[in-house]
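One structure is given below, encoded as structure tokens.
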Amino acid sequence: MAWTEERIAKLKQGWEGGMTATQIAEMLGEGVTRNAVIGKAHRLGLESRPSPVKAAAEEAAPRPAPAPPPAPKAAEPSAPPPAPRAEAPIPAPQPPPAPVVAKAPAKPVKGGKQTRTTLLDLNDKVCKWPIGHPGEPDFHFCGKPVQPGFPYCGEHCLVAYQAQMPRKDRPRPLPPLPGAPRR
DNA sequence: CCCTGATTCGC
DNA sequence: GCGAATCAGG
């Protein structure tokens with residue numbers, strides 16, 4: 001159905017009157033989804049009515065940067081960083097799945113030689129890509145010098161940040177398996 | 001789960 | 001331009 005003057009008028013009226021997109025869609029008749037309403041409203045430049053998402057986004061913003069001491073930080077994530085989303089580069093479809101690494105049994109580290117980068121060794125300079133899995137005896141981190149501005153070294157940045165494949169030929173997320181645990 | 005509006009992007 | 005699919009917070 002086309003967007004006639006009349007239908008657009010109703011849309012505007014309802015939108016400005018505080019009706020939800022769903023209500024407006026029902027008002028306009030069958031075959032009109034709330035998506036159609038929202039899409040049209042935006043194209044008309046009507047936008048910006050309280051949106052749960054937008055409202056929350058503005059909430060957590062004011063951060064003038066108190067400039068915290070770059071020094072030591074005892075705090076540490078219970079688990080390794082799940083991989084921050086890239087901004088400029090497009091975020092990878094999946095966060096780094098702790099790369100599987102068949103590791104030989106940890107060798108007895110005699111003396112004080114440290115060969116692994118552990119949780120306590122993490123800082124802004126070293127690659128935080130997990131090697132193995134948390135809980136495993138020799139779980140550790142890559143530890144190589146990071147790519148400036150990233151939490152990982154160049155090699156692991158390549159794995160963590162990948163370009164999005166066009167929706168069209170992107171594999172379907174996979175339908176829920178019968179009997180699979182609900183959520 | 002439901003709801004909401006916002007956004008993306010193939011058409 | 002359209003709107004389904006998707007996202008993300010409530």
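Reminder, nothing fancy here: chain letters follow the sequence lines and each chain counts from 1.
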Starting at atom CG of Leu44(A), determine the distance to atom P of dG5(B), rounded to an integer number of angstrom.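 Interatomic distance, CG of Leu44(A) to P of dG5(B): 15 Å.
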From CZ of Arg43(A) across to C1' of dC2(C) the rounded distance in Å is 5 Å
Donor-acceptor pairs under 3.5 Å, side chain of residues 29-41 of chain A to any protein atom, not counting sequence neighbours: which ones?
unit_1	atom_1	unit_2	atom_2	d
Thr33(A)	OG1	Asn35(A)	N	3.4
Thr33(A)	OG1	Ala36(A)	N	3.1

Do any pairs count as a salt bridge (Lys or Arg N to Asp or Glu O under 4.0 Å) and have a residue in residues 139-149 of chain A, sequence neighbours left out, and if so which ones?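 Pairs touching residues 139-149 of chain A that pass the test: Lys144(A)-Glu155(A).
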With pairs taken as Watson-Crick or G-U wobble and both distances under 3.5 angstrom, which stems of at least three consecutive pairs involve DNA chain C? B:2-11 with C:1-10
By side chain to side chain donor-acceptor pair (under 3.5 Å), which residues pair with Thr118(A), not counting sequence neighbours? Asp121(A)
Is any side-chain heavy atom of Pro130(A) closer than 4.5 Å to one of Phe139(A)?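 Sidechains of Pro130(A) and Phe139(A): in contact.
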Extract all donor-acceptor atom pairs below 3.5 Å that involve side chains of residues 1-14 of chain A and protein atoms in other chains or at least two apart in sequence.
unit_1	atom_1	unit_2	atom_2	d
Thr4(A)	OG1	Arg7(A)	N	3.1
Arg7(A)	NE	Ala2(A)	O	2.8

Scan residues 11-39 of chain A against DNA chain C and write down, sorted by residue number, each residue with any heavy atom closer than 4.0 Å; if none is found, say none. Thr33(A), Asn35(A), Ala36(A)
Think Lys40(A) has a side-chain N or O under 4.0 angstrom from the OP1 or OP2 of dC2(C)? yes
Can a side chain N or O of His42(A) be found less than 4.0 Å away from OP1 or OP2 on dA6(B)? yes
Euclidean distance, Phe141(A) CZ relative to Tyr152(A) OH, rounded to 0.5 Å: 9.5 Å
Answer with yes or no whether the hydrophobic clustering places Val146(A) together with Leu119(A); edges join I, L, V, M, F, W, Y residues whose side-chain heavy atoms lie under 4.5 Å apart. no
Are the side chain of Glu136(A) and the backbone N or O of His133(A) linked by a donor-acceptor pair below 3.5 Å?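 Flag set: sc Glu136(A) to bb His133(A) pair under 3.5 Å.
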